[in-house]
Amino acid sequence: MDTLDQYVGFVGEGYLEAADKLKECQFFLDLMRQTTEFDHFRWFTNAFLSAARAVMDWLATSAYYAIPGEGQWEMEEDPQAIATLSKHF
């Protein structure tokens with residue numbers, strides 16, 4: 001989770017959605033660590049990977065369609081966020 005934690009709050013308007021999905025990732029990771037049944041482990045792993053992918057998808061979308069801060073309400077790209085996230089896509 002350390003590598004995903006660096007993206008919490010990375011895109012200004014995306015904190016709550018990304019933070020929620022990161023918590024979901026942590027939830028399923030904890031279940032993966034605790035279970036002793038193979039089928040449960042597979043299901044928890046699938047859920048973890050799905051939530052992790054959703055975090056990255058949401059951050060990428062937010063980077064391309066960010067809402068700027070002061071007064072302006074047109075969507076604009078965040079070049080720094082795009083450069084950082086492009087390493088992972």
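Quick caveat: nothing in here was measured; it's all calculated off a predicted structure. Note that the numbering runs from 1 along the sequence shown for the chain.
- By the side-chain contact (heavy atoms from CB on, under 4.5 Å) test, T35 pairs with E37, H40, F41, F44, sequence neighbours left out.
- Follow the hydrophobic side-chain contacts under 4.5 Å out from W43 and you never reach L31; the two are in separate clusters.
- Placement of M56 and L22 within a single hydrophobic cluster is found when ILVMFWY residues are connected by side-chain heavy-atom separations under 4.5 Å, directly or transitively.
- Using modelled atom types, no side-chain atom of S50 and backbone atom of N46 make a donor-acceptor pair closer than 3.5 Å.
- The line from CD of Q34 to CG of L29 is 10.0 Å long, rounded to the nearest 0.5 Å.
- Closest heavy-atom contact between C25 and A52: SG-N, 3.3 Å.
- Listed by first and then second residue, the salt bridge (charged side-chain N to carboxylate O under 4.0 Å, His left out) pairs involving residues 41-51 are D39-R42 (not counting sequence neighbours).
- For D57, the side-chain contact (heavy atoms from CB on, under 4.5 Å) partners at least two apart in sequence or on another chain are R53, F89.
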